[in-house]
Amino acid sequence: MQSKKVLEPLVPFPVDAESDHFTAALASALIVTQGYTGETPHWCAPNQRDCIHCKPCGDHLLERHQVSLYHCLLTASTLAFGFDYPWDDTVAPHSLPGFPEGWRWDDGFIDALARFAGFSYQRFSGASPQEEVLSAVKRALDAGFPSMLRLEDEMAWVLAVGYDGDTVYGLDSELHALPGYWRSVLRDVIVITGNTAPRMSYREFLERIASALSYEGHTALEGVIMDALDHVTAENAMEIAGMMCGINSVLIEARWHAAEAFGSQKNLIGAITINKEIQERLSEVLVSRYITENNEETHGIGWKIWGALGVGPETEYCITQQSAALILQPETREALKRLFAKVFENDRAVCSTIQACLAELSILLPGRAQTKR
């Protein structure tokens, strides 16, 4: 083995609006794993063409590629369609299927993303022999592949991107040497070992999203929200305002990622698409329902919900005492009901279109496509 090695190129994370630390870390890992460079063409959705460096983002293409990967990974994982993140133990039950209380990146979740994005991996737990883990991480680095580490901050992930002897270099918001005791506080390790062809079928990809959007926990949340808004009191106003803000903070970002993922012609979703007409129809409904401005779209509604609660960049998107005072006003509660109802209406429209497209695929491709695990 070499005495020192640091992988390139490195994209610190999170980039832009990326609240899911795991997905941001994986997106940055795939920049290295899949060989992205500053010369790799990047599809510009607003202009419907490859980037020609007409705007400042053209000078930061690696970051744009990382965000594109994040869009697709969050969508394929179904996290883009929930109202909470499953690692948030303050929420129970979760609004997506397959995420029980106390969930921590289970094997099925990792396997699905590996099949979708096209990579192989080994996984180690914190109880694995330390020398075995270090050896596997170094072998992967020598082959050009980073590893994902979860250390004492159990919600945060860091990439192992280099080493010098027994010193391992980590990447998150910056490149830094991991503390010498990192192996003793290790909780989870995903060692990327290679690239593969995508092994998730287009049909399975769409079925996963339809299942998330039609999940009973997703559907039931609309009633929970409406009931909470019908029972606001001076004693619980702050709590309910916090509940509305927390739900909104996930949906406003998550649905944006889903729409951006479907709105691009050249990304991980494009690599598994088997019917261009269906993909264009899905792109149209997700972009229209989730991000097209002045169209009662979910992203714009999210800003209105924040506004109704007196929340914004000036409050760091957190509620204040003013939020409690506002939600006590009947007109605020009625506005919030209408806005949240539209959010669920948009999700139902997207789900309905996906289900219709799946029915068409069943006619075009009878029988369930088999995927290798």
Side-chain angles (χ1 to χ4, degrees), residues 14 16-20 71 74 79-86 88-96 212-213 215 217-260 263 285-351:
D16 208 342
E18 296 179 348
S19 293
D20 180 1
H71 293 327
L74 203 74
L79 297 182
F81 302 96
F83 296 95
D84 60 271
Y85 289 116
D88 183 356
D89 293 335
T90 67
V91 178
H94 293 300
S95 57
L96 290 169
L213 286 171
Y215 177 55
H218 180 289
T219 304
L221 185 62
E222 182 174 12
V224 171
I225 290 171
M226 300 305 167
D227 183 68
L229 290 171
D230 279 337
H231 293 88
V232 177
T233 66
E235 290 72 28
N236 68 16
M238 197 71 171
E239 178 185 354
I240 294 179
M243 172 187 174
M244 300 301 136
C245 184
I247 292 170
N248 188 58
S249 295
V250 174
L251 73 87
I252 189 174
E253 179 185 319
R255 301 302 189 277
W256 172 69
H257 287 298
E260 292 285 356
V285 70
L286 268 86
V287 170
S288 172
R289 290 288 181 163
Y290 288 160
I291 60 174
T292 299
E293 292 184 359
N294 302 316
N295 193 43
E296 286 285 84
E297 82 289 357
T298 294
H299 189 70
I301 286 172
W303 280 99
K304 292 177 182 177
I305 291 172
W306 270 335
L309 293 169
V311 167
E314 67 282 359
T315 70
E316 298 183 343
Y317 303 101
C318 297
I319 60 169
T320 66
Q321 288 297 328
Q322 183 195 17
S323 306
L326 286 168
I327 206 168
L328 281 168
Q329 299 175 9
E331 58 268 30
T332 298
R333 297 196 297 275
E334 289 306 310
L336 288 172
K337 284 183 181 181
R338 188 194 72 79
L339 292 169
F340 275 110
K342 186 62 181 180
V343 166
F344 284 92
E345 178 187 325
N346 287 340
D347 276 356
R348 285 191 291 270
V350 168
C351 185

Ion pair check, Glu345 and Arg338, cut-off under 4.0 Å:
no
Roughly how far apart are Asp20 CG and His257 NE2, rounded to 0.5 Å?
9.0 Å
Tell me, do Leu229 and Met244 make a side-chain contact under 4.5 Å, heavy atoms counted?
yes
Got more than 12 heavy atoms from elsewhere within 6.0 Å of CD, Glu316?
no
In Å and rounded to the nearest 0.5 Å, what is the CD1 to OG1 distance from Ile327 to Thr233?
10.5 Å
What's the spacing between Phe340 CZ and Ile247 CD1 if we round to 0.5 Å?
5.5 Å
Quick check for you: to the nearest 0.5 Å, what is the distance between Gln321 atom CD and Met238 atom CE?
4.5 Å
Please examine the side chains of Asn346 and Val350, heavy atoms only from C-beta on, and report whether any two atoms are closer than 4.5 Å.
no
Please confirm whether the backbone N or O of Ala228 pairs with a side-chain atom of Asn236, one donor and one acceptor, at under 3.5 Å?
no
To the nearest 0.5 Å, how far apart are OH in Tyr290 and CG in Leu251?
9.5 Å
Distance, nearest 0.5 Å, that separates CG of Leu326 from CD of Gln329:
5.5 Å
Search all heavy atoms of Val285 against all heavy atoms of Ala349 and return the closest pair with its distance.
CG2-O, 4.2 Å
Would you tabulate the side-chain donor-acceptor contacts of residues 218-226 under 3.5 Å, counting partners in other chains and residues two or more places apart, or write 'none'?
from   : atom 1 : to     : atom 2 : distance (Å)
His218 : NE2    : Asp347 : OD2    : 2.9
Thr219 : OG1    : Tyr215 : O      : 3.2
Glu222 : OE1    : Arg348 : NH1    : 3.1

Do you know the tightest heavy-atom contact between Ala237 and Leu328?
CB-CG, 3.9 Å
What is the minimum heavy-atom distance between Asp84 and His94, and which atoms define it?
OD2-ND1, 2.6 Å
Looking at Phe83, is Arg255 sitting on its ring face, NZ or CZ under 6.0 Å from the six-membered ring centre and within 45 degrees of the normal?
yes
Compare every heavy atom of Asp16 with every heavy atom of Trp256, then report the nearest pair and how far apart it is.
CH2-OD2, 4.0 Å
Close side-chain approach of Glu331 and Glu334, heavy atoms under 4.5 Å:
no
Is Tyr317 close to Cys245 at the side-chain level, that is, under 4.5 Å between some pair of heavy atoms?
no
For Gly263 and Val287, the nearest pair of non-hydrogen atoms, with its separation, is CA-CG2, 4.0 Å
Minimal non-hydrogen separation, Leu96 against Ala212, with atom names
CD2-CB, 3.7 Å
Is a side-chain donor or acceptor of Ser323 paired with a backbone partner of Ala241 at a separation under 3.5 angstrom?
no
If you count the non-hydrogen atoms of other residues, nucleotides and ligands that lie under 6.0 Å from CD in Glu293, is the total more than 12?
no
